[in-house]
Amino acid sequence: MIEKNYQPADIEARMSVVWEDSLAFKAGRPDRRDAVPFTIVIPPPNVTGSLHMGHALNNTLQDILCRFERMRGRDVLWQPGTDHAGIATQMVVERQLMERQQPSRREMGREKFLERVWQWKAESGDTIINQLKRLGASCDWSRERFTMDEGLSKAVVKVFVELHRDGLIYKDKRLVNWDTKLLTAISDLEVQQTEVKGSLWYLRYPVEGKIFSPDDPASFIVVATTRPETMLGDTGVAVHPDDERYQKLVGKHIILPLVGRKVAIVADEYSDPEKGSGAVKVTPAHDFNDFEVGNRHGLRRISVLDKEGCLDLLDNEDYLRDLPEGASQFAEEFHKVDRFAARKRIVERLESFGFIERIEPHTNMVPHGDRSGTVIEPYLTDQWYVDAKTLAKPAIAAVRSGETTFVPKNWEKTYFEWMENIQPWCISRQLWWGHQIPAWYGPDGKVFVAETEEKAVSHALGYYVEQEVITVEQGREMALDRNKREGFITRDEDVLDTWFSSALWPFSTLGWPDDTPEVKRYYPTNVLVTGWDIIFFWVARMMMMGLHFMKEAPFSTVYIHRLVRDEKGAKMSKSKGNVIDPLSLIDEYGADALRFALAREAAHTHDIKLSSQLVEINRNFATKLWNACRFAEMNDCVLPEGFEPAKAKEPLNRWIAHETAQATREVTEALEAHTFNEAATAMYRFVLNVYCDWYVELAKPALLGVDGPLRAETRAMVAWARDEILKLLHPFMPFITEELWEVTAKRDGLLALAPWPLKPAAPTPEQLAVAAGPTDPLISPVLVMPIFDHADFTDPKAEAEIGWVIDLVTQIRSVRAEMNIPPATLTALVLAGASAGTRERAPRWTEVIKRMARLSDISFVDRAPDGAVQLLVRGEVAALPLKGVIDVAAERARLDKEIAKADADIKRAESKLANEKFVANAAEEVVEEEREKREAALARKAKLLEALERLKQAS
RNA sequence: GGGCACGUAGCUCAGCGGGAGAGCACUACCUUGACAUGGUAGGGGUCACAGGUUCGAUCCCUGUCGUGCCCACCA
């Protein structure tokens, strides 16, 4: 028995257990061994994170696809897992230590700290997994992976070693984006450019050999800068080669104010005569452009900041070199002053000597760290890089060739644009939580990269023995004893960018680098579902790594969905306080309601504006479905063994078969095209406007009437259509449908594993090759295919009959409402001059029409009686004799309005048909359609005029 | 500076070469034998603007205005 009230929480808790116990989502189930696989890898959420609305959308869409394909008989692997999320996780744990006033990361040391992070992972790591389960995600949970698992770490090391061996990973000293708060390098992608209001300072740099005077423009050159404090590291001034103003100065020098360093004036096209003063200061160690300019002109790189972004002048050999007497006093004064304080003080100092010409307000884009929020400093350090440019080539080609396609397609352009301008990827991070780089250094800094410490050490010792740096004996001792080699051979302290391991996710989770059956069977995956915000971070890098190591793109389709925003369209963020928690929505309305809401909104063009009201509406839909099933149950609607809907006799039952087939085709096509919103909308409409509004209502007389073939067939059909609905809705609303399937449909086996109503297209030979066995292709023996062919079924005759009933009832209702006839007042219906067809079918519907349209009686006459309201239903007159009840003037106005409409239709059709060009150029069926419209409108008008005439006679 | 979207009913959005759609909101009516988490009916739109292509444009093209987003090293 179905419970009276729909209580999502109870159902969801119960169904989760049922699915888990039955291993319904396990990949490679015995009954699917011969089936074609379908694989999706989950975008791994942060292991210590919790479910937000973006996850809810992302995983709902993946689950819809997985459940759909599972029902279509595929062997589905939805690979779940979590990401170690280096910086984010390390920050969380460090913050926790601080809050609890425990020793800091550095105080406890690397080993202790890592223990602590693992502990934190153990405590909170399955939070998000449990939340995904609550959403209904049908992942194969037995295969859950973590990016720092042993297996995945093995993959990371192998990839690093091989890319290094092939020269695609290298170490380089160049400018990186340095986070002065987190004290690590970050990649370009982790830098966010933010508009900041600041100033543009115009500095006077005295020309060497001239006596500086603010009043003598010939004695200095003006450079403009937004970062005056970096002037301490200037090693050049650049002017444009064609800039006549400065041509005489090229090759000469300026004397850097405050510092006293002699700095060359060089000609370089980087300098733009239109900008600032046309001359630009060059600080190769603190600006990406200046770095390049410096390289071109062999300028020195002087780093004047330390890791924390403070001036670092004393003991800074680069800075102190070639300075005149007394300069170190300045260095002493400014040493360890923070960069922003230094800016202020240096400007003041420059001003006091007349070195500042003017200051303009200026807005510019300033790089900020996406995690720390602090201003990112271009900083000169040694880091590891991936040669992304080389790896990008096959990744670009794979999308060009169509091996991988983006949905919607316009994202390909974004992908190409980025890939074609890709920069070296900085992969080393000065953190502790992550995959430590498998590189070891000898005393001379020589690097040894190997898969294990043992291998690296043996290479290194062999090398140093050969170089006679150490003796054979020393080498042997060091090889055997860790302590003995400490300080001689040391491991790189850094870890890899989190996205490095994520890039391997589509194959590392399957067991690569081992040659596992899973790799063979499930790679490449079918669809990747993700938001556009991580195309660069993740999708592009998976493409590069997948193609390089597996020789095949990791997925054939990349489905890009939009973001979920709050109801006003603002991005959800903790600071704004507008975050909607999916879990609380699930608590309140149920996971099915949330899922259906998201699916219905998941169109390509807009971000989703989510409100609790939206979810409520969809909960109401679930309730409606619930009650419709209760109705079926209360009327003993069960599907008899061997029932064949295509052989139904009753027009109403044939009609619902017709409508169900159509809805099935719509939903299937939409899901195949990944247009989730269309699929969900089609179901919404079918369930409410077809099944509930009309089929159930029209079936009531039969169900409540006498026992007999009509009642039996209708009961079977109500149950059959309900079952089809449950199947079609299951990918969207798995919990409620599974519950109803079990409780009321009383069918064997899980709905999650039941066959989809529409038979899928035959698998391709390639797909078959992946299936394990030689037996029938797609569908395993236990899956009984549907007995009803939705692909072809159609019944225009049934449609004509039921359509007539629907139109008649609708029109009577409408006119009754218009005429303010109270529902309690029953009226008679007279079918005037009815056709043979109408006379034949009307008796079947007498009762239902009477009930639905509030009629006392239905009769046939040749002519509509005088003073009746006359309706035109599918070309025939249906009259409500309401003489004395109706307002004749109002009725006349109504008819006039109808006639005017008919006239407009006639006019439109005729003017088209009178247009020779239209008749000549338009498609034949369009022209024919127009003729039919004209005829229909003419007939309608004639009948309406007749009706009007009769009305006049009556009054 | 380059690129990508989007301006359709009061609101949120579908649609996309041949008579403008949904949900919510609104109005009126209805406790009818699954459902008030409901039902029935109704009002409401020069589909941003201007050109062009076409027999025909909300839909395709160009431009204008407006909105949002992404990328970029501009002093």
Side-chain angles (χ1 to χ4, degrees), chain A residues 2 4-6 188 193 200-202 223-227 238 270-272 274-283 287-292 362 364-365 367 378 408 410-411 413-414 417-418 421 532-533 535-536 562-563 567-569 571 589 593 600-601 603-611 613-614 616-635 677-678 681 684-685 689 692-693 696-697 700 704 809-810 813-818 820-824 851-852 854 904-905 908-909 912 915-923 925-927 929-930 933:
Chain A
I2 307 180
K4 175 141 187 358
N5 291 313
Y6 166 52
D188 301 349
Q193 301 289 341
L200 190 57
W201 287 270
Y202 287 78
V223 295
T225 180
T226 51
R227 298 203 54 196
Y270 164 66
S271 178
D272 182 349
E274 306 290 314
K275 295 240 167 71
S277 62
V280 62
K281 67 196 257 327
V282 181
T283 323
D287 182 282
F288 289 98
N289 287 309
D290 293 5
F291 185 81
E292 301 297 327
H362 184 78
N364 65 334
M365 299 298 267
N410 52 299
W411 287 108
K413 186 156 185 162
T414 309
E417 207 143 304
W418 190 69
N421 297 301
W532 49 264
D533 49 337
I535 291 179
F536 305 144
R562 307 299 295 221
L563 263 35
E567 54 196 302
K568 291 186 199 106
K571 209 166 171 174
Y589 303 107
R600 285 182 69 196
E601 298 300 316
H604 295 325
T605 46
H606 275 91
D607 286 349
I608 297 175
K609 288 179 189 148
L610 191 89
S611 61
Q613 193 201 27
L614 191 70
E616 187 185 348
I617 292 160
N618 290 286
R619 189 275 317 271
N620 295 352
F621 172 70
T623 307
K624 187 80 179 173
L625 173 71
W626 185 263
N627 284 310
C629 290
R630 276 183 65 218
F631 171 82
E633 185 182 61
M634 290 163 81
N635 285 282
N677 59 327
E678 279 177 24
T681 305
Y684 187 88
R685 222 177 1 230
N689 302 5
C692 292
D693 288 355
V696 164
E697 291 304 322
K700 276 177 181 172
L704 299 165
V809 168
T810 306
R813 279 172 172 171
S814 176
V815 81
R816 286 180 58 114
E818 246 174 272
N820 287 320
I821 298 168
R851 201 174 70 86
M852 295 182 81
R854 316 289 302 161
D905 287 352
R908 188 184 305 113
K912 276 191 177 183
N915 183 341
E916 279 172 34
K917 287 180 178 171
F918 171 73
V919 180
N921 293 326
E925 59 265 30
V926 173
V927 177
E929 213 175 289
E930 218 54 46
K933 276 183 205 163

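Numbered from 1 within each chain, the chains take letters A, B, ... in sequence-line order. Since the structure is predicted, the reported quantities are computational estimates derived from the model, not experimental observations.
Each of G18(B), G33(B), A5(B) was ranked by its minimum atom distance to the side chain of Asn410(A); first place goes to A5(B). Closest approach to the Lys413(A) side chain among C35(B), C4(B), A22(B) is made by C4(B) (side chain taken as heavy atoms from C-beta onward). In this structure, the nucleotide among C13(B), A14(B), G18(B) sitting nearest to the side chain of Ala922(A) is G18(B). Nearest nucleotide to the Glu678(A) side chain, out of G23(B), G15(B), U40(B): G15(B). Comparing C73(B), C70(B), C35(B) by their nearest atom to the side chain of Asn289(A) picks out C73(B). Listed nucleotides: C35(B), C73(B), G19(B). Nearest to the side chain of Gln193(A): C73(B). When distances run from any side-chain atom of Val926(A) to the nucleotides G18(B), C30(B), C24(B), the shortest one goes to G18(B). Each of G18(B), C29(B), U40(B) was ranked by its minimum atom distance to the side chain of Asp693(A); first place goes to U40(B). Closest to the side chain of Glu930(A), out of G18(B), A72(B), C35(B), is G18(B).
Contacts of Gln613(A) with the nucleic acid, taken as non-hydrogen atoms under 4.0 Å apart, involve only primed sugar atoms and P, OP1 or OP2. Counting non-hydrogen atoms under 4.0 angstrom, Ala824(A) reaches nothing in the nucleic acid. Across all strands shown, Arg619(A) has heavy atoms under 4.0 Å from base atoms, whether or not it also approaches the sugar-phosphate. Backbone-only contact: Lys609(A) has heavy atoms under 4.0 Å from sugar-phosphate atoms and none from a base. Residue contacts for Arg816(A): at a heavy-atom cut-off of 4.0 Å it reaches no nucleic acid atom on any strand shown. Residue-level contact check: Cys629(A) touches neither bases nor backbone, having no heavy atom under 4.0 Å from any strand. Within the 4.0 angstrom heavy-atom criterion, only backbone atoms of the sugar-phosphate kind lie near Asn364(A); the bases stay farther away. Residue contacts shown for Ile2(A) are absent, as no nucleic acid heavy atom lies under 4.0 Å away. Within 4.0 Å (heavy atoms only), Thr681(A) reaches no atom of the nucleic acid at all. When heavy atoms are screened at a 4.0 angstrom cut-off, Trp418(A) is found touching no nucleic acid atom at all. Counting any heavy atom pair closer than 4.0 Å across all strands shown, Ala603(A) reaches sugar-phosphate atoms only and no base atom. Thr414(A) comes within contact range of no nucleotide atom at all, as no heavy-atom separation falls under 4.0 Å.
The partner of U64(B) is A48(B), judged by Watson-Crick or G-U wobble contacts that both fall below 3.5 Å. Nucleotide C24(B) forms a pair with G10(B), judged by Watson-Crick or G-U wobble geometry with both contacts under 3.5 Å. C69(B) is paired with G3(B) under the Watson-Crick or G-U wobble criterion, all donor-acceptor distances under 3.5 Å. Pair assignment for G19(B) gives none, since no Watson-Crick or G-U wobble pairing has each distance under 3.5 Å. Of the nucleotides present, none pairs with U58(B) by Watson-Crick or G-U wobble criteria with both distances under 3.5 Å.
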| field | Verdict with reasoning, Asp607(A) to Trp532(A), per side-chain contact (heavy atoms from CB on, under 4.5 Å) | value | CA-CA 11 Å; Asp607(A) 286 349; Trp532(A) 49 264; 4.1 Å; yes
| Derivation and outcome, side-chain contact (heavy atoms from CB on, under 4.5 Å), residues Leu625(A) and Tyr6(A) | CA-CA 10 Å; Leu625(A) 173 71; Tyr6(A) 166 52; over 6 Å; no
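With hydrogens and angles ignored, the 3.5 Å screen pairs a side-chain donor or acceptor of Glu633(A) with a backbone N or O of Ile2(A).
A salt bridge does not link Arg562(A) to Glu601(A): none of the charged nitrogens lies less than 4.0 Å from a carboxylate oxygen. In summary, Lys933(A) and Glu930(A) engage in a salt bridge, as defined by a charged side-chain N under 4.0 Å from a carboxylate O.
A close approach under 4.0 Å does occur between a side-chain nitrogen or oxygen of Asn921(A) and OP1 or OP2 of C55(B). Between His606(A) and A14(B), a side-chain N or O to OP1/OP2 separation shorter than 4.0 Å is present. Listed pair Lys624(A) / U37(B) fails the phosphate criterion, with no side-chain N or O lying under 4.0 Å from OP1 or OP2. Checking the phosphate oxygens (OP1, OP2) of U12(B), no side-chain nitrogen or oxygen of Ser611(A) falls inside 4.0 Å. Side-chain N/O atoms of Asn620(A) include one lying less than 4.0 angstrom from OP1 or OP2 on G38(B).
Separating the CD1 atom of Ile535(A) from the P atom of C71(B) is a distance of 11 Å, rounded to the nearest angstrom. Summarising the geometry, the separation between CZ on Phe631(A) and P on C35(B) is reported as 10 Å, rounded to the nearest angstrom. Glu616(A) places its CD atom 13 Å from the C1' atom of G38(B), with the value rounded to the nearest Å. The separation between Glu925(A) atom CD and G18(B) atom C1' is 11 Å, rounded to whole Å. Atom-to-atom, NZ of Lys912(A) to C1' of A57(B) comes out at 11 Å; the value is rounded to the nearest Å. Counting to the nearest Å, the C1' atom of C73(B) and the CG atom of Asp290(A) are 9 Å from each other. In this structure, NZ of Lys571(A) is placed 20 Å from P of U67(B), rounded to the nearest angstrom.
A 4.5 Å side-chain heavy-atom check between Asp287(A) and Pro378(A) finds every atom pair outside the cut-off. With a 4.5 Å cut-off on side-chain heavy atoms, Leu200(A) and Thr226(A) count as touching. Under the 4.5 Å side-chain criterion, counting only non-hydrogen atoms from C-beta, Arg851(A) is in contact with Lys700(A).
Between Lys700(A) and Ile608(A), the one whose closest nucleotide on RNA chain B sits nearer the 5' end is Ile608(A). Comparing Gly278(A) and Val919(A) by the nucleotide of RNA chain B whose heavy atom lies nearest to each, the residue mapping closer to the 5' end is Val919(A).
U31(B) sits 15 Å from U40(B) when the P atoms are compared, rounded to a whole Å.
For a distance-only test at 3.5 Å, the side chain of Asn915(A) fails to qualify as a donor-acceptor partner of the base of C55(B). Between the side chain of Glu697(A) and the base of A34(B), at least one donor-acceptor pair of N or O atoms lies under 3.5 Å.
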